[in-house]
Amino acid sequence: MSKKKIILIDGNSIAFRAFYALPLLTNSSGLYTNAAYGFAMMLLKVLEEEKPTHMLVAFDEGKDTFRHEFYQEYKGKRDKTPGELTGQFPLIKEVLDACQIRYYGLAGYEADDIIGTLSKMADAEEMETLIVSGDKDLFQLVTDQVSVLMTRKGVTEADRYTPESIQDRYGLTPSQIIDLKGLMGDPSDNIPGIPGVGEKTGLKLLHQHGSVEEIIARVADLPGKKLQEKVTEFQEQALLSKRLATIYCEVPLDFGIDDLEQPSIHTEEVIETFKKLEFKTLVDRIKKGLGDQSGQASESDQTLVEYQIVSEDSMGDWNDLLQSDSLSLNVELSEENPHRSELVGLSISDGITNLYIPANVVSKWNKLLDWLGSSNSQKVVFDGKRSEIALSKLGISLEGIEMDILLAAYLLNPSETSLSLSDVVSQHSEYTLASDEEVYGKGAKRKLPTGENLAQHLAQKAYVLYGLQSQLKPEIERTDLANLLYDLEMPLSRVLGKMEKLGVKVDGEQLEQLGSVLQETLERLTIEIYDIAGTDFNINSPKQLGEILFDKLGLPVLKKTKTGYSTSADVLEKLAPQHEIVDKILHYRQVGKLLSTYVEGLKKEIGADGKIHTHFNQTIAATGRLSSVEPNLQNIPIRLEEGRKIRQVFVPSEENWMILAADYSQVELRVLAHISGDPSLQKAFREAKDIHTQTAMDVFQVKEEEITSLMRRQAKAVNFGIVYGISPFGLSQNLNIPQKEAKQFIERYFETYPGVKQYMNDIVAQAKQDGYVTTLLQRRRYLPELYATDFARRSFAERTAMNTPIQGTAADIIKKAMVEIDRVMVEKKMKSRMLLQVHDELIFEVPVEELGSMGDLVREMMEQAVELSIPLVVDLNIGQSWYEAK
DNA sequence: GCGTTCACG
DNA sequence: ACGTACGTGAACGCG
């Protein structure tokens with residue numbers, strides 16, 4: 001018999017977490033079920049992953065606890081539990097009953113106390129204990145045997161806390177957690193602590209003195225007179241707070257650990273309850289997973305399918321299958337990057353028959369090649385762009401994509417970072433699929449498995465892909481994402497594929513020359529820096545550099561990082577007046593960056609055709625923007641002249657062609673003016689030549705002639721800050737001014753543009769109601785952290801709620817323009833080519849005779865891509881290189 | 001593999 | 001008191 005293991009769940013805490021982490025779902029009878037749903041998800045997860053032998057869910061019972069006897073105001077200021085949640089506790093208990101999980105609450109005690117009592121009992125019996133909660137207070141119970149699973153975001157993601165990880169995080173032992181709370185207090189429980197002491201001060205004091213009692217006893221040793229006074233004045237309060245935070249571990253229970261043995265899950269009953277509550281995906285999970293052996297579900301629980309390997313001899317037998325209305329197609333490649341990969345093979349499925357076609361057979365099966373290239377044959381694919389690029393290298397065309405599962409999954413949740421087919425399958429269907437990493441191995445160990453295993457895996461891919469379409473289509477419809485998927489993202493992927501295949505011509509010789517100039521500069525700077533420092537060291541090592549600057553040369557430490565001194569540019573700029581070495585280091589860094597990332601980095605990427613083929617990622621950025629990798633051509637230097645010269649090497653690929661660059665002028669601020677509807681900001685865009693100057697005039701209330709360059713710079717920073725979801729701190733950092741001043745700037749801005757202020761308030765409120773924000777074209781981003789209790793996380797989510805509709809709408813606009821420009825270019829049989837997109841600009845190469853028509857066309861389509869309440873403006877530039885097109 | 005730094009919009 | 005400007009990708013040092 002393996003070791004016993006008990007799971008103790010903080011019922012109220014998890015219910016709250018689930019309630020705030022999920023959008024306010026209702027089932028068909030109008031009943032709110034989000035908290036119960038989240039709770040059930042968490043239960044299934046811990047049952048599957050932890051396989052407990054014993055289990056209990058503890059609830060708070062009644063309002064008054066023994067803590068109120070000595071502190072009336074305990075939990076006094078807490079908001080009333082929302083009605084939408086209170087109604088869900090019976091549902092949660094229904095779920096627990098169905099799973100035969102015990103739950104318990106006792107008047108006068110909190111769930112924490114019950115958990116504490118049981119964890120001590122379990123400890124005595126040498127049972128392993130896992131506490132599940134969203135409340136850090138429970139850390140005090142942690143021992144070698146007892147760990148806490150702390151929900152992180154939502155309810156299913158959690159961190160496990162052990163004595164070691166608490167030590168790492170706080171530098172405290174678990175029992176010192178109550179001392180910390182005694183000092184800090186906890187506003188949510190109305191525990192006062194010592195005013196003016198937060199986590200930082202609290203931790204510092206505890207690291208020095210160990211406990212609240214010790215701190216009080218040694219008050220005279222504390223740093224700072226203010227602090228000493230506070231501790232003296234509020235010592236009673238601190239002791240009281242500590243007492244309130246201490247979990248009571250002797251609750252009189254009328255049952256023992258043995259009574260909490262967890263029987264295996266009775267599948268039928270659970271399914272019935274989940275069906276009744278309309279937890280559809282959970283029903284599926286139970287069906288395939290948990291089984292009657294409770295917790296026996298395993299990783300090997302994969303979807304195995306029947307498959308056929310197509311050979312040259314047998315390929316004729318399968319021609320009929322290709323006549324199906326719709327088939328899924330998986331194009332298997334050796335590398336992530338399709339420009340560098342080789343074809344392993346194809347697999348196709350109609351949901352019943354699953355074929356694997358090795359690469360050598362593909363090229364010989366003519367009917368298959370016809371099917372691939374036929375726009376009448378509908379295909380369900382995963383990452384059509386990648387597939388199309390790889391096939392086109394073999395001269396095989398791919399048409400007729402009716403659904404791209406990758407793009408659909410991205411739109412359904414653009415924040416999801418893992419969008420491999422295997423992840424998408426587990427997220428959206430009842431199946432599981434081994435990840436490529438499991439099948440192929442990773443790193444140096446990566447290799448193709450033996451024939452049968454490979455065929456089985458690839459046939460599975462095609463099979464699950466076929467199933468996913470019917471799963472995702474309704475989800476896409478329901479979330480109003482159909483137009484965005486079918487009319488924007490899917491057509492765009494074709495355009496991006498073309499751009500990637502075309503690539504950008506790079507003048508390798510000139511890159512070489514630029515490199516040697518930079519190399520000389522770098523060597524000169526290195527010598528000068530060593531000379532001033534009086535010693536050789538690795539300037540690229542922040543650690544060694546810090547030692548030179550701060551230990552050897554004694555410069556003041558303005559900022560620290562987790563690992564030591566900060567030597568970032570903003571710090572160095574402040575130190576520059578104090579020592580001649582600093583400017584040289586800044587320059588060294590700048591040149592070093594250019595040399596390693598841009599000269600050396602780009603050189604490696606030039607292909608046999610003299611071009612660079614970047615890879616646009618369409619499913620990375622949560623806002624809807626594109627990203628560019630291997631290499632990143634969206635961050636080629638421009639701000640400083642020395643770096644800007646890199647752009648000279650990007651040239652047209654043919655004689656008598658030019659580079660045309662078309663960029664949106666202030667697109668994000670225009671979007672803000674549109675969605676906020678602020679009259680002054682709109683007026684500014686209808687009239688003003690320069691928005692930052694106009695903002696400076698409005699905010700400082702001066703005439704245009706009176707605007708100084710400082711005023712304009714500050715107005716510009718405020719404009720940027722507004723788009724990012726402003727905070728006084730952020731602006732103060734950016735402008736290097738006190739936070740107070742930054743706050744005044746923001747206030748004046750909001751007085752000037754009250755519509756913007758209204759928008760910022762409304763969008764956050766709306767987001768908290770819906771659980772997500774949307775863009776002009778209905779792109780969606782969920783923001784579960786809006787409900788976080790942690791201030792920093794919540795604030796971050798609030799700024800994201802302000803920024804995403806702006807950045808995301810700008811992304812929608814340029815994407816739409818790209819699709820339309822491409823369509824017209826094809827229609828008009830233009831020779832010109834779209835090469836790059838850099839968020840608000842498009843780069844083309846254009847034969848001189850098309851310059852006029854392309855300029856008109858591009859401007860027109862970009863400016864008219866969508867209709868806003870204010871005009872969109874596009875600037876055009878032409879040159880012999882990207883550098884000159886400015 | 002992670003943290004720091006820095007390139008872009 | 002808290003700890004941040006929004007969104008990315010690449011190179012490097014270090015353990």
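Predicted model, so just to flag it, every value in this text is computed and none were measured. Lettering of chains follows the sequences in order, A, B, ..., and the numbering in each one begins at 1.
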Using a 4.0 Å heavy-atom cut-off, does [X] contact any base of the nucleic acid, only the sugar-phosphate backbone, or nothing at all?
{"X": "A:Arg781", "value": "sugar-phosphate"}
{"X": "A:Ile620", "value": "sugar-phosphate"}
{"X": "A:Glu600", "value": "nothing"}
{"X": "A:Asn538", "value": "sugar-phosphate"}
{"X": "A:Ala811", "value": "nothing"}
{"X": "A:Ser732", "value": "nothing"}
{"X": "A:Thr804", "value": "nothing"}
{"X": "A:Gln807", "value": "base"}
{"X": "A:Phe729", "value": "base"}
{"X": "A:Gly725", "value": "nothing"}
{"X": "A:Ile636", "value": "sugar-phosphate"}
{"X": "A:Asn540", "value": "sugar-phosphate"}
{"X": "A:Ala810", "value": "nothing"}
{"X": "A:Glu668", "value": "nothing"}

Item checked: A:Ser568 side chain near B:dT4 phosphate (N/O to OP1/OP2, under 4.0 Å) ->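 No, A:Ser568 has no side-chain N/O under 4.0 Å of OP1/OP2 on B:dT4.
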Check: Hey, does the side chain of A:Arg639 come within less than 4.0 Å of B:dC6's phosphate (OP1/OP2), counting only N and O?
Finding: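 Negative; the distance criterion is not met.
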Could you check whether [X] pairs with [Y] (Lys NZ or Arg NE/NH1/NH2 to Asp/Glu carboxylate O, under 4.0 Å)?
{"X": "A:Glu668", "Y": "A:Arg625", "value": "yes"}
{"X": "A:Glu600", "Y": "A:Lys604", "value": "no"}
{"X": "A:Arg647", "Y": "A:Glu884", "value": "no"}

Nearest-Å distance, [atom1] ([X]) to [atom2] ([N])?
{"X": "A:Tyr565", "N": "B:dG3", "atom1": "OH", "atom2": "C1'", "result": "18 Å"}
{"X": "A:Lys560", "N": "B:dG3", "atom1": "NZ", "atom2": "C1'", "result": "16 Å"}
{"X": "A:Leu586", "N": "B:dT5", "atom1": "CG", "atom2": "C1'", "result": "12 Å"}
{"X": "A:Tyr588", "N": "B:dT5", "atom1": "OH", "atom2": "P", "result": "15 Å"}
{"X": "A:Leu595", "N": "B:dA7", "atom1": "CG", "atom2": "C1'", "result": "14 Å"}
{"X": "A:Leu518", "N": "B:dC6", "atom1": "CG", "atom2": "C1'", "result": "16 Å"}
{"X": "A:Phe720", "N": "B:dG9", "atom1": "CZ", "atom2": "C1'", "result": "8 Å"}
{"X": "A:Asn632", "N": "B:dC6", "atom1": "CG", "atom2": "P", "result": "17 Å"}

Notebook entry, point to check: Is it true that the side chains of A:Thr561 and A:Ser566 contain a donor and an acceptor less than 3.5 Å apart?
Noted result: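 Result is no, nothing qualifies.
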Next item on the list: Establish, from distance only, whether the side-chain atoms of A:Thr695 and A:Arg712 form a donor-acceptor pair under 3.5 Å.
Entry: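 There is no such pair between these side chains.
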Is there a donor-acceptor pair closer than 3.5 Å between any side-chain N or O of [X] and the backbone N or O of [Y]?
{"X": "A:Thr614", "Y": "A:Pro631", "result": "yes"}
{"X": "A:Tyr588", "Y": "A:Glu523", "result": "no"}
{"X": "A:His613", "Y": "A:Glu500", "result": "yes"}

Notebook entry, point to check: From the 5' end of DNA chain C to its 3' end, which nucleotides mark the outer limits of contact with chain A, defined by a 4.0 Å heavy-atom distance cut-off (strictly under)?
Noted result: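 The protein-touched segment is C:dA1 to C:dC14.
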Notebook entry, point to check: In whole Å, what separates the C1' atom of B:dT5 from that of C:dC2?
Noted result: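 Nearest-Å result for B:dT5 against C:dC2 at atom C1': 26 Å.
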Notebook entry, point to check: Which value, in whole Å, describes the distance between the P atoms of nucleotides C:dA5 and B:dC6?
Noted result: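 It works out to 14 Å between them.
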Check: In dot-bracket form, how is DNA chain C paired, counting a Watson-Crick or G-U wobble pair only if both its distances are under 3.5 Å and using | for bases paired to another strand?
Finding: .....|||||||||.
Notebook entry, point to check: Of A:Ala621 and A:Gly196, whose nearest nucleotide on DNA chain C comes first from the 5' end?
Noted result: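 By nearest-heavy-atom nucleotide position, the 5'-most residue is A:Gly196.
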Checklist line | Residue whose closest nucleotide on DNA chain C lies nearer the 5' end, A:Leu626 versus A:Lys543 | finding: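 It is A:Leu626, whose closest nucleotide lies nearer the 5' terminus.
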Check: Should the ring pair A:Phe720 and A:His692 be called parallel, tilted or perpendicular, given that the plane angle runs from 0 to 90° and is split at 30 and 60?
Finding: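 Parallel.
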Next item on the list: Applying side chain to side chain contact (heavy atoms under 4.5 Å, CB included), run through A:Ser165 and A:Arg160 and close with a yes or a no.
Entry: CA-CA 8 Å; A:Ser165 55; A:Arg160 189 179 301 256; over 6 Å; no
Margin query: Measuring centre to centre across the rings, with the benzene-like ring taken for any Trp, is A:Tyr749 within less than 6.0 Å of A:Phe745?
Written below: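 No, the ring of A:Tyr749 stays outside the 6.0 Å limit from the ring of A:Phe745, centre to centre.
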